[in-house]
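These values consider heavy atoms only, across backbone and side chains, with no hydrogens, waters or symmetry-generated copies. In the text below, chain A, chain B and the rest are named by the order of the sequence lines, each starting its count at 1. Everything quoted here is computed from the prediction, not taken from an experiment.
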Number of protein chains: 2
Amino acid sequence: MSARALPYRPHNHDACVSQALAEARSICQQQNARLTPTRERVLELIWQSHKPLGAYDVLAKLTSEGHSAAPPTVYRALDFLQQHGLVHRIASLNAFTGCAHTGEHHTGLFLICRTCGNVLELTDTGVSDAIHKAASAEAFRTEAITLEVAGICPACQAEQNHE
Amino acid sequence: MSARALPYRPHNHDACVSQALAEARSICQQQNARLTPTRERVLELIWQSHKPLGAYDVLAKLTSEGHSAAPPTVYRALDFLQQHGLVHRIASLNAFTGCAHTGEHHTGLFLICRTCGNVLELTDTGVSDAIHKAASAEAFRTEAITLEVAGICPACQAEQNHE
DNA sequence: AAAAAAGTGCAACATTATAACAGTTGCGAG
DNA sequence: CTCGCAACTGTTATAATGTTGCACTTTTTT
Ligand SMILES: [Zn+2]
Ligand SMILES: [Zn+2]
Ligand SMILES: [Zn+2]
Ligand SMILES: [Zn+2]
């Protein structure tokens, strides 16, 4: 089989972060949106790892940096980032994760490891076609899809087998 | 096209409720689980309509009936009902809906109308096969799937066109 | 009947998210 | 330039959702 996806193996995560920030700047410029320091910092914090971060986790990191912040600060930044497709909210975790497919106008499928907490975002036309087809069969007009798969990632499966 | 699914047309909803309760009794008996009065009443309240109900909505109805209840009462009943496959939690709404496919050991796909709030639960092997396939391709071991589709139901689409 | 297990009531608390309003900043029109 | 609007931010308070811990009761098992 081919190489594991990034979250499942050691990698230069700083590259993930700087690429995400670069794309964010580019996208905001295109869309005439202001990626203010707070927003950029929140995005960077979200990208600290491939584990989704709760709004209050972000808040704690901000305040620990001396940033005088309250919940609305964080939620407003997260709303902005979601609106511009830079982060996703994981409904089953009440947490946020950086978008791995910015600009692609995609329907994300999230693989959430319940052991290590890492999340891998996929896009899969087979899946989204099947969903649209099923919805259409009921004459339902689809607008948004929440698709979150919980389970065990390959790295954690290997861990388990070594025990 | 064939007849619309139940939530999308007038129907004898009392039949939905009594069938759901009958199945619940049968399933609990099979599984040696105790469908106590509180649990049964919560299930009945959840089935009051095809719109998901929040835990605190259930709580309000219980207390308005004179039942001395606190949040844990409701959450415990809901946990029990979920455990036995009698209700589902809709993560994107923080709300609960009666299971329309009890006993089938299924992966639900929920079509959620953002206008009327009704939810239709489907099972679709095409969809779940596609999801399992996508997860397997990443060597991910799937345990649970959250799949919620937001949009406009056929009934509400018709409404819009009449305006 | 005694012991164990499952269920319930209750109080307190934890977590997640929003409302309302005042102040500030960036930016274009005149 | 500077006035004025729109977007953004800070702050306080509050709403909505969910959990913990413990004492007590009911049911089941032995
Ligand atoms: Zn990375
Ligand atoms: Zn893992
Ligand atoms: Zn019905
Ligand atoms: Zn509708």
Can you tell if the side chain of B/Cys99 reaches within under 4.5 Å of the side chain of B/Val87, non-hydrogen atoms only?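 Contact flag for B/Cys99/B/Val87 side chains = no.
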
Are the side chains of B/Leu86 and B/Cys28 in contact, using a 4.5 Å heavy-atom criterion?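 Result yes, sub-4.5 Å side-chain heavy-atom pair found.
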
For residues 28-38 of chain A, which residues have at least one heavy atom under 4.0 Å from DNA chain D?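 Of all residues in residues 28-38 of chain A, the ones placing a heavy atom under 4.0 Å from DNA chain D are A/Arg34, A/Thr36.
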
Would you say B/Glu44 and B/Gln48 are linked by a side-chain donor-acceptor pair, where the criterion is simply a distance under 3.5 Å?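 No - no donor-acceptor pair under 3.5 Å links their side chains.
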
Rounded to whole angstrom units, what separation is found between the [atom1] atom of [X] and the [atom2] atom of [N]?
X	N	atom1	atom2	value
B/Phe80	D/dT27	CZ	P	15 Å
B/Leu78	C/dG7	CG	P	15 Å
B/His84	C/dA6	NE2	P	11 Å
A/Arg41	D/dT9	CZ	C1'	18 Å
B/Leu62	C/dT8	CG	P	12 Å
B/Arg39	C/dG7	CZ	C1'	6 Å

CD (A/Gln82) with more than 12 external heavy atoms under 6.0 Å: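 Check passes, neighbour count above 12.
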
B/Ala100 backbone acceptor or donor facing B/Glu121 side chain under 3.5 Å: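 Side chain of B/Glu121 to backbone of B/Ala100: a pair is present.
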
Under 3.5 Å, side chain of A/His67 to main-chain N/O of A/Thr63, donor-acceptor pair present?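 No; judged by distance alone, with no hydrogens or angles, the pair does not exist.
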
Please walk me through it: do B/His88 and B/Phe96 pass ring-ring contact (aromatic ring centres under 6.0 Å, His included)? CA-CA 6 Å; B/His88 295 287; B/Phe96 299 82; over 10 Å; no

In plain terms, say whether B/Arg25 and B/Glu40 are close enough for a salt bridge, that is, a side-chain N and a carboxylate O under 4.0 Å apart.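 The answer is yes: the pair qualifies as a salt bridge.
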
Would you call A/Arg4 and B/Glu138 a salt bridge, taking side-chain N to carboxylate O under 4.0 Å as the test?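 Salt bridge flag = no for B/Glu138 with A/Arg4.
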
Starting from the first five and the last five pairs of the helix from C/dA1-D/dT30 to C/dG30-D/dC1, work out the angle between the resulting helix axes, to 10 degrees.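 Answer rounded to 10°: the end axes differ by 30°.
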
Below 3.5 Å between N/O atoms, which protein atoms pair up with nucleotides 10-16 of chain C? Just atom names and distances, please.
| from | atom 1 | to | atom 2 | distance (Å) |
| --- | --- | --- | --- | --- |
| C/dC10 | OP2 | B/Ser68 | OG | 2.0 |

Candidate list A/Thr97, A/Thr146, A/Asn94, A/Asp79, test side-chain hydrogen bond (donor to acceptor under 3.5 Å, both in side chains), partner A/Arg89, passing option: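 When A/Thr97, A/Thr146, A/Asn94, A/Asp79 are each tested with A/Arg89, the side-chain hydrogen bond (donor to acceptor under 3.5 Å, both in side chains) holds only for A/Asn94.
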
Show your working on side-chain contact (heavy atoms from CB on, under 4.5 Å) between B/Asp124 and A/Lys133 and close with a plain yes or no. CA-CA 10 Å; B/Asp124 185 296; A/Lys133 193 175 151 201; over 6 Å; no

